[in-house]
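As structure tokens, the structure follows; a few thoughts come after it.
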Amino acid sequence: MNLSARNQFSGIVKEVKLGNVMAEVVVDIGGGHEVVAAITRASVERLGLAPGSTVMVVIKATEVLIATA
């Protein structure tokens, strides 16, 4: 699949927490880094996501915020 989004990370699903409508998916992208995505439960089921699944994390955001303490 080719996408115009530049922020793409391959990874392995580490954990899936299912709610009634939404789900939280934790993806290990290597180097000790994780990405956590909130997606619909229907999407988790449609994609067949489970721990160990190989996935591509695509980040397309209109803004990114950075803060300091």
Side-chain angles (χ1 to χ4, degrees):
M1 169 184 4
N2 292 319
L3 294 173
S4 62
R6 294 184 181 187
N7 299 315
Q8 300 180 34
F9 304 93
S10 60
I12 304 293
V13 174
K14 183 175 177 180
E15 184 178 2
V16 178
K17 298 177 187 173
L18 294 175
N20 290 333
V21 176
M22 298 297 293
E24 184 178 274
V25 181
V26 180
V27 180
D28 180 349
I29 60 169
H33 300 287
E34 295 177 343
V35 174
V36 180
I39 64 175
T40 63
R41 181 182 180 127
S43 291
V44 168
E45 293 168 352
R46 182 174 47 83
L47 294 170
L49 297 180
S53 297
T54 300
V55 296
M56 180 69 68
V57 175
V58 180
I59 300 172
K60 184 70 175 173
T62 57
E63 57 185 76
V64 175
L65 306 175
I66 298 175
T68 59

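These numbers come from the heavy atoms of this one structure, side chains and all, not from hydrogens, waters or symmetry mates.
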So which heavy atom on V44 is nearest to which on A23, and how close? CG2-CB, 3.6 Å

Is any side-chain heavy atom of I39 closer than 4.5 Å to a side-chain heavy atom of L49? yes

In this structure, which one of L18, V36, V16 forms a side chain to side chain contact (heavy atoms under 4.5 Å, CB included) with E24? V36

Do V26 and V13 belong to the same hydrophobic cluster, where Ile, Leu, Val, Met, Phe, Trp and Tyr are linked whenever their side-chain heavy atoms lie under 4.5 Å apart, directly or via other members? no

Minimum heavy-atom distance A5-V58, with the two atoms named: CB-CG1, 3.6 Å

Give every residue pair that meets the side-chain hydrogen bond (donor to acceptor under 3.5 Å, both in side chains) criterion with at least one member in residues 42-58, sequence neighbours excluded. T40-S43, R41-E45

For the atom pair NZ (K60) and CD (Q8), what is the distance rounded to the nearest 0.5 Å? 10.5 Å

Going only through I, L, V, M, F, W and Y residues with side-chain contacts under 4.5 Å, is there a path from M22 to V27? no

Restricting to non-hydrogen atoms, name the atom on S10 and the atom on M56 that form the minimum distance, rounded to 0.1 Å. N-SD, 3.7 Å

Are I29 and I59 connected, step by step, through hydrophobic side chains (Ile, Leu, Val, Met, Phe, Trp, Tyr) whose heavy atoms are closer than 4.5 Å? yes

